Amino acid sequence: MLIQEDPEMTIAAKLVKELRDRTGAGMMDCKRALQETGADIEAAIDLLRSKGEAKAAKRADRAVNEGVVASYIHHGGRIGVLVELNCETDFVANTDEFRTLARDIAMHVAASDPLAVATDDIDSDVVERERKIFADQVAREGKPEHIRDRIVEGKMAKFYRQSVLLEQAFVKDPDKSVGELITETSAKTGENVRVARFARFRIGG
């Protein structure tokens, strides 16, 4: 069976189904994405993810009063993590997918030891200290003054990717960040999904 919307682009139903299974997007959205990308499923996934991020941004102000607290114990009981993951309804909070996401994020925190959930959550003193260190490095390297600020900002962006939960590469799939993982879940559920907080405990730490 073939699904045809554009006479110049015919998309196989099994390809639409595969894209839907992999992204959770609606059937019509999947067909349009495949048509726009010439039936390149990886490009279609990227397109749907970018659209999902746009939709998720519109949900960002909606209240998230439901969710779960997930735990993860690692390294023979020497590291433990608690994560509060919020959503809008108890229906989504009780799904296996949502609870799995919460556990995966707790596992990620155990492995990656982020400083904060989001960039804005990092203490301003820490940010300024890092910025000063990078500025001193760039000056010692003798970089031209007119590009020093740009180099420092690049180093700060790398610092955030290494230190901020939502910016870090997800340990189970380094091709996406934790923030992108949450955005995908938001797109699939149609709800605002947010990491409220986490706590990481380490014996002797």
Side-chain angles (χ1 to χ4, degrees), residues 1-62 64 67 70 83 85-88 92 95-109 111-112 114 116-121 150 153-195 198:
M1 176 182 176
L2 295 177
I3 299 172
Q4 185 171 349
E5 285 191 346
D6 186 335
E8 297 182 358
M9 176 57 66
T10 300
I11 304 296
K14 65 179 181 180
L15 195 60
V16 176
K17 182 179 184 303
E18 180 183 352
L19 182 59
R20 187 179 186 187
D21 289 344
R22 291 178 63 179
T23 64
M27 186 72 74
M28 295 302 294
D29 287 337
C30 289
K31 285 195 291 184
R32 280 192 288 268
L34 287 165
Q35 288 171 336
E36 288 181 40
T37 58
D40 182 331
I41 194 164
E42 296 300 329
I45 289 172
D46 290 344
L47 179 61
L48 287 171
R49 285 174 62 184
S50 68
K51 290 181 177 179
E53 289 170 2
K55 292 178 182 177
K58 294 179 182 178
R59 303 185 192 106
D61 292 332
R62 290 182 353 202
V64 283
V83 168
L85 184 67
N86 295 143
C87 58
E88 297 176 41
V92 168
T95 61
D96 290 340
E97 183 175 9
F98 186 85
R99 290 174 177 270
T100 297
L101 173 63
R103 287 193 297 270
D104 282 347
I105 292 173
M107 179 197 66
H108 174 95
V109 171
S112 300
V117 173
T119 300
D120 291 343
D121 297 331
R150 190 167 69 234
E153 289 308 312
K155 288 179 177 290
M156 288 300 299
K158 183 177 180 180
F159 165 72
Y160 291 137
R161 289 195 299 271
Q162 293 173 338
S163 306
V164 174
L165 175 62
L166 298 181
E167 305 294 329
Q168 289 178 329
F170 180 44
V171 291
K172 292 177 68 173
D173 184 357
D175 289 335
K176 67 180 68 171
S177 69
V178 174
E180 289 172 333
L181 181 70
I182 292 170
T183 294
E184 288 178 0
T185 301
S186 179
K188 289 178 182 179
T189 62
E191 293 196 3
N192 187 12
V193 177
R194 182 182 305 162
V195 177
F198 66 83

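In this chain, numbering begins with 1 at the start of the sequence shown. What you are looking at is a predicted structure, and each value in this text was computed from that prediction instead of being measured.
- Between the side chain of Asp40 and the backbone N or O of Thr37 there is no donor-acceptor pair closer than 3.5 Å.
- Annotation: the span from Arg161 atom CZ to Leu166 atom CG amounts to 14.5 Å, rounded to 0.5 Å.
- With Thr95 contributing its side chain and Val92 its backbone, the two residues share a donor-acceptor pair below 3.5 Å.
- Side-chain atoms of Glu191 come within 3.5 Å of backbone N or O of Glu88 as a donor-acceptor pair.
- Here Asn192 contributes atom CG and Ser186 contributes atom OG; the two are 6.0 Å apart, rounded to the nearest 0.5 Å.
- With a 4.5 Å cut-off on side-chain heavy atoms, Thr189 and Phe98 do not count as touching.
- For Asp173 and Lys176, the salt-bridge test passes: some basic side-chain N is under 4.0 Å from an acidic carboxylate O.
- The backbone N or O of Pro114 lies less than 3.5 Å from no partner atom in the side chain of Ser163, so there is not a single donor-acceptor pair.
- Residue Leu15 comes nearest to Ala39 through the heavy atom pair CD2-O, 3.8 Å, listed as atom of the first residue, atom of the second, then distance.
- Atom OG1 of Thr183 is separated from atom CD of Glu180 by 7.5 Å, given to the nearest 0.5 angstrom.
- Distance alone, capped at 3.5 Å, places no donor-acceptor pair between the Glu184 side chain and the Leu181 backbone.
- The shortest distance between side-chain heavy atoms of Leu165 and His108 falls below 4.5 Å.
- Between the Gln168 side chain and the Gln162 main chain, a donor and an acceptor come within less than 3.5 Å of each other.
- Shown here are the side chain to side chain donor-acceptor pair (under 3.5 Å) partners of Thr100, two or more places apart in sequence or in another chain: Arg103.
- Contact check for Arg194 versus Ile182: no side-chain heavy atoms found under the 4.5 Å cut-off.
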